Each structure stands twice: as C-alpha cells, then as structure tokens.
Novice: 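Take a look at this one; I'll ask things after.
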Amino acid sequence: MTFVRLLSRTKLYWGLIAIFLIGVLSSPVTSSGRNIFLSSGNLLDVLRQVSTTGLVATGMTAVILTGGIDLSVGSMMAICSVVCAMLLTVPGETPAVFLGIPAVGLASLLVGAVVVRFIFVNIEKTRAGVANIRDVQLDRTRGTLLPAVGGVILCALVLSFLLPQVQTKFGVLGVLLVAPAVGLLFGAINGVIIVVGRLQPFIVTLAMMVTALGIARLTAGQNNAVLPVYTGSNATADFDVLRQLVFGIVPMPGIFFIAAIILYSVVLRFTPFGRYVYAIGGNEEAARLSGINAGRVKIVTYAISGLLAGIAAVLYVAQYRQGKPDAGAGLELDAIAAVVIGGTSLMGGRGSLAGTFCGVLIFGLLSNILQLHNINSNLQLVLKGVIIIGTVLVQERNAYDVLAHLRLTSRRPAQRETAAEERPSRETLSLTMGGKEE
C-alpha cells in the first residue's frame, strides 16, 4: 500500500520520464547514428521554446490555486511585446511611451511603499513578539507616511533612469522595467475588477483579453502588423543578450523561466502569502472568516500573472526579433493546459509549481517528439487534446471511476440474468414455508 501511495504521489514525474523515454526510443538518428532527440542542441531548443509558456504558466498556477482563471495573459503578452519593440526601435514620444512610463511609475510607487511597510511590519512583529503579522499595529508614520515616501523615492529613481531614454531608444534594462510594469498594471486591473465588482474571473479576464488586444493594435498602429527588431541596426546590439546561451550551455529564456519557478515556489511554500493562496482556493469563505484578506491576495496573484506575461513578452521579442499585436494568440490555453497537466486542480486549493514545471516540460517534449517525426500540425493538436483529457482524468482520480463504470455497465445484463435465475419462485417459497402463504 505504501508503494502504491508513493507511486500515486510521484505519477507526474513518472509521466515526464515516460515521455522522455518515448522520445529517446523513437527518435530518428543522423547518418552517423547519433540520436537527434538526445542531442544537446535539441534539448536546449525545447527549454528555449517552453520558456515563454512556462513563465505565463508560473503566474497562472497561483491564479488557479485561488480558484480563478486568467484568459487575458496572451493579449497582455501581445501588448507588452508591442511596447517593448516600439521602445527599442522608435525614439521620441510614442504610444508605447505614453502607456509604459505611467505604468512603470505607478508600479514602482506601489512596490516601494509595499516593501517599506513590509520591513516596518516585520520589525514590529519581532519587537512585539507576536506570531501573526495580522496582529501587528503600526502608527501612522510607519504605516502610511514612510511607505509613501519610500514609494516616491523609488519612483523618482526609476523615472530618472528611463526618461532620458525616451528621446533616443530604450536599452535592455529599460524594456525589462517597462514591459513587465505594463503587464503588472493590466493584471492588477483584472484583480481589482474581480474583487470589487464581485464578478467571475472567467468573464473579467475574457473581457480584458479582448480589450488588451485592441489596445495592442492601437499602440502598434493600423499599418504595423509587425514591429521588426534588428539588433545592431534599428535597436541596441545589447538586446541580443536575452537570446544567448549562458556559459554556452543554458539559453537565457530558460534562466528566466527556472528562476521564476524557484522564486515563486519559495513564496508559495514558505510565506504567509502562499498559505493564504491555498486557503482561499480550498475554501474562500472559511479563509475570510479566519481573517485573511482574500481580495488583496487575489489582486496580487493576478498582478504577478501580468508581470510574468510582460517578462515573457520581452523574451519573445528577443527570440523572434519582432513585436506583434497577436503575439500571444492561444498562449493562455497552452499555459492552462500545462498547469492542469502539472496536477493543479481547476477548482483551486491543490497543486504546485513543481508540477507546473513538469507539465510545461511534458508539453514541450511532446511537441518536440511530434515535430521530429514530421507529424501533421493539425494531427498534433488532436493528439495534444487527447493527452490533456487523459491526463486530467488521471490527475483528478476519475480514470478509475470511468473504468469501473464501464466494467459495471458491461456486466449489468449478465448480473440481471443471474439474479433472475437465482430468485426463488412463489411456489418454491410456499413449499419451503410448509405450504402456508401470508
């Protein structure tokens, strides 16, 4: 029983190992007999290709853990890719500047205030010797005034770095600040509308998906379906650093993806915020009654989801050398599929980022195997859909119930015949009871 339980808990990793072994055994070979699937170039390409989806899936995991959903991440990535490409290639006051600079200013103001308040809260918690941060009471100076000052200082520092680049062109660090800030802003708007308006996340994020797509097209302009980015020509040559191999081994997008997974995993596992996320997904009403500010936690999860979509957009521009209003089309579905394959329940409250990491790799390796065998792209979609359904059945532990139902259905006629044969007649009962009938 212990072995079965262990196998059940590690089934996701066994699935990843099985997909990897299928790739190894079925891989085509070169003329020299070298396994193409196992080549370092192929495996690094898989990591590079899944990094964009992986970043989005990382933020999506926390959203789904709260019992929500975010259908707008693809459109948010699209608008961030347009902002990134325009800042890199077009000097002067552009729609990307008017959208990006206020977003990064507001984001830095809020982040600075939150960080300063967090420091004071933890200092007071240690001094007062209380176990729960919610029991800490700050005076007006430390609770409001100093955090506001800290936010203003950080905002001034960030804007003093970015504003001189407006009249020239933005560099790598500049777009890494502005594009994620735009995603953070749109994600926070999602969270605020969901919490304040008490609306279903599906409806709100669906509306944001359409709205962000329209804003992306307006920002790019009617005649700019694609904004090309040529490093060393119309953009800084340093931007190529985001598509290079670190130490000649790991692609830079993979570094961003792995770092995001590790950092967010630590936050969800070892901080009160992470415990609140799981508590809200498990039972939101019980979480509220226990004193958790569920609305604030939800807003933060949606904001981080947008932030990671913005980082993915910058990596997309570096990888494909372009920004597009439809760059993230269908990305939200791939991210949700990877999260669900990773074992996170769509009902919320159950799952992990380790599972999401495996789900992303399973999705990437599967696509790579199908491409190596030149499977028709439409058939690839069919196979992926079938695998997603099968995986969800296993993850939700419904596969056994389905098989049991089918087995019982097939046996039901035989059981009826047997029952009819074994049912005693009235005459038999009468004889058994000595001929007396009631």
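None of the values given here were measured: they were computed from a predicted structure. All values below were derived from every heavy atom in this structure, side-chain atoms included, with hydrogens, water molecules and symmetry-related copies excluded.
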Novice: Considering all heavy atoms of both residues, which atom of Asp70 and which atom of Glu332 are nearest to each other, and what is their separation?
Specialist: O-CB, 4.2 Å

Novice: Report the distance from atom OG1 of Thr58 to atom CZ of Phe257, rounding to the nearest 0.5 Å.
Specialist: 5.0 Å

Novice: Would you say the side chain of Ile261 lies within less than 4.5 Å of the side chain of Ser265, judging by non-hydrogen atoms?
Specialist: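 Heavy-atom side-chain distance check passes, below 4.5 Å.
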
Novice: Run the numbers on Val46 and Phe37 for side-chain contact (heavy atoms from CB on, under 4.5 Å), then give the verdict.
Specialist: CA-CA 10 Å; Val46 172; Phe37 178 82; 5.8 Å; no

Novice: Which residues pass the side-chain contact (heavy atoms from CB on, under 4.5 Å) test with Val267, not counting sequence neighbours?
Specialist: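 So Val267 forms a side-chain contact (heavy atoms from CB on, under 4.5 Å) with Tyr264, Thr271, Phe273.
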
Novice: Can you tell which of Met60, Met209, Met208 makes a side chain to side chain contact (heavy atoms under 4.5 Å, CB included) with Val73?
Specialist: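 Considering Met60, Met209, Met208, a side chain to side chain contact (heavy atoms under 4.5 Å, CB included) with Val73 is found only for Met60.
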
Novice: Would you say Asp326's side chain and Ala329's backbone share a donor-acceptor pair under 3.5 angstrom?
Specialist: no

Novice: Can you give me the closest heavy-atom contact between Ala335 and Val56, atom names plus distance?
Specialist: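 Scanning both residues, the minimum pair turns out to be CB-CG1, 3.7 Å.
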
Novice: List for me each residue that meets side-chain contact (heavy atoms from CB on, under 4.5 Å) alongside Val115, sequence neighbours excluded, and say none if there are none.
Specialist: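 Val115 satisfies side-chain contact (heavy atoms from CB on, under 4.5 Å) with Val111, Ile119 only.
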
Novice: Rounded to the nearest 0.5 Å, what's the gap from CG on Leu65 to CZ on Arg350? Could you check?
Specialist: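 So the gap between those two atoms works out to 10.5 Å.
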
Novice: Taking Ala287's backbone N and O only, do any of them form a donor-acceptor pair with Ser290's side chain (distance below 3.5 Å, no angle check)?
Specialist: yes

Novice: Just jot down the side-chain contact (heavy atoms from CB on, under 4.5 Å) partners of Val266, sequence neighbours excluded, or say none.
Specialist: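 Val266 satisfies side-chain contact (heavy atoms from CB on, under 4.5 Å) with Phe270 once adjacent residues are dropped.
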
Novice: Just by distance, do the side chain of Thr30 and the backbone of Arg34 share a donor-acceptor pair under 3.5 Å?
Specialist: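 Pair found, side chain donor or acceptor close to backbone of Arg34.
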
Novice: Which heavy atom in Gly328 sits nearest to a heavy atom in Met77, and how many Å separate them?
Specialist: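 Looking at all heavy atoms of both residues, the shortest contact is CA-SD, 4.4 Å.
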
Novice: Can you pull the side chain to side chain donor-acceptor pair (under 3.5 Å) pairs that have at least one residue in residues 99-118, sequence neighbours excluded?
Specialist: none

Novice: Are the side chains of Phe239 and Val175 in contact, using a 4.5 Å heavy-atom criterion?
Specialist: yes

Novice: In residues 179-207, what donor-acceptor pairs under 3.5 Å come from side-chain atoms, sequence neighbours left out?
Specialist:
residue	atom	partner	partner atom	Å
Asn190	ND2	Ser72	OG	2.9
Thr205	OG1	Leu71	N	3.2
Thr205	OG1	Pro201	O	2.7
Thr205	OG1	Phe202	O	3.4

Novice: With sequence neighbours excluded, what pairs up with Gln49 under the side chain to side chain donor-acceptor pair (under 3.5 Å) test?
Specialist: none

Novice: Look up atom CD1 in Ile17 and atom CD1 in Ile22, then write down how far apart they are to the nearest 0.5 Å.
Specialist: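 Separation between the atoms: 12.0 Å.
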
Novice: Drop me the distance from Ile215's CD1 to Met76's CE, to the nearest 0.5 angstrom.
Specialist: 11.5 Å

Novice: Please set out all donor-acceptor pairs under 3.5 angstrom arising from side-chain atoms of residues 154-169, sequence neighbours excluded.
Specialist:
residue	atom	partner	partner atom	Å
Ser160	OG	Ala156	O	3.1
Ser160	OG	Leu157	O	2.7
Gln165	OE1	Gly171	N	3.0
Gln165	NE2	Phe161	O	3.1
Thr168	OG1	Gln165	O	3.3
Lys169	NZ	Asn234	O	3.0

Novice: Can you list every pair that meets salt bridge (charged side-chain N to carboxylate O under 4.0 Å, His left out) and has a residue in residues 238-266, with sequence neighbours left out?
Specialist: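 Output for this query lists Asp240-Arg321.
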
Novice: Are side-chain heavy atoms of Leu47 and Val250 found at a separation under 4.5 Å?
Specialist: yes

Novice: CZ/Phe256 to CG/Leu176 distance, rounded to the nearest 0.5 angstrom?
Specialist: 5.5 Å

Novice: Only pairs under 3.5 Å count here: list side-chain donor-acceptor contacts from residues 352-369, not counting sequence neighbours, and write none if there are none.
Specialist:
residue	atom	partner	partner atom	Å
Ser352	OG	Gly355	N	3.2
Thr356	OG1	Thr61	OG1	2.8
Thr356	OG1	Ser352	O	3.3
Ser367	OG	Phe363	O	3.1
Ser367	OG	Lys384	NZ	2.9
Asn368	OD1	Asn42	ND2	3.0
Asn368	ND2	Asn42	OD1	2.9

Novice: On a heavy-atom basis, which atom in Leu213 and which in Pro325 lie closest, and how many Å separate them?
Specialist: CD1-O, 3.1 Å

Novice: Just jot down the side chain to side chain donor-acceptor pair (under 3.5 Å) partners of Arg275, sequence neighbours excluded, or say none.
Specialist: none

Novice: For Ser305 versus Val63, what's the shortest heavy-atom pair and its separation?
Specialist: CB-CG2, 4.0 Å

Novice: Without placing hydrogens or testing angles, list every side-chain donor-acceptor pair under 3.5 Å for residues 78-91, not counting sequence neighbours.
Specialist:
residue	atom	partner	partner atom	Å
Ser81	OG	Ala78	O	2.6
Ser81	OG	Lys324	N	3.4
Ser81	OG	Lys324	O	3.1
Thr89	OG1	Ala85	O	2.7

Novice: Go through Leu242 and Val314 one step at a time and tell me if the side-chain contact (heavy atoms from CB on, under 4.5 Å) criterion holds.
Specialist: CA-CA 9 Å; Leu242 296 179; Val314 178; 3.6 Å; yes

Novice: Could you give me the CA-CA distance, side-chain angles and deciding distance for Tyr276 and Asn293, then say whether side-chain contact (heavy atoms from CB on, under 4.5 Å) is met?
Specialist: CA-CA 9 Å; Tyr276 297 163; Asn293 191 328; over 6 Å; no

Novice: Can you confirm whether more than 12 heavy atoms, excluding those of Glu93, are under 6.0 Å from its CD atom?
Specialist: no

Novice: What is the minimum heavy-atom distance between Leu55 and Ala260, and which atoms define it?
Specialist: CD2-CB, 3.6 Å

Novice: Answer yes or no: is there a side-chain heavy-atom contact under 4.5 Å between Pro28 and Leu372?
Specialist: yes

Novice: Working note: Val277 + Val297, criterion side-chain contact (heavy atoms from CB on, under 4.5 Å); need CA distance, chi angles, decisive distance, verdict.
Specialist: CA-CA 7 Å; Val277 167; Val297 173; 3.8 Å; yes

Novice: Just verifying a value: how many Å separate Gln319 CD and Ser51 OG, rounded to the nearest 0.5 Å?
Specialist: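 Result: 8.5 Å between the selected atoms.
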
Novice: For Val24, is there any backbone N or O sitting under 3.5 Å from a side-chain donor or acceptor partner on Ser27?
Specialist: no

Novice: Who pairs with Leu381 by side-chain contact (heavy atoms from CB on, under 4.5 Å), at least two apart in sequence or on another chain?
Specialist: none

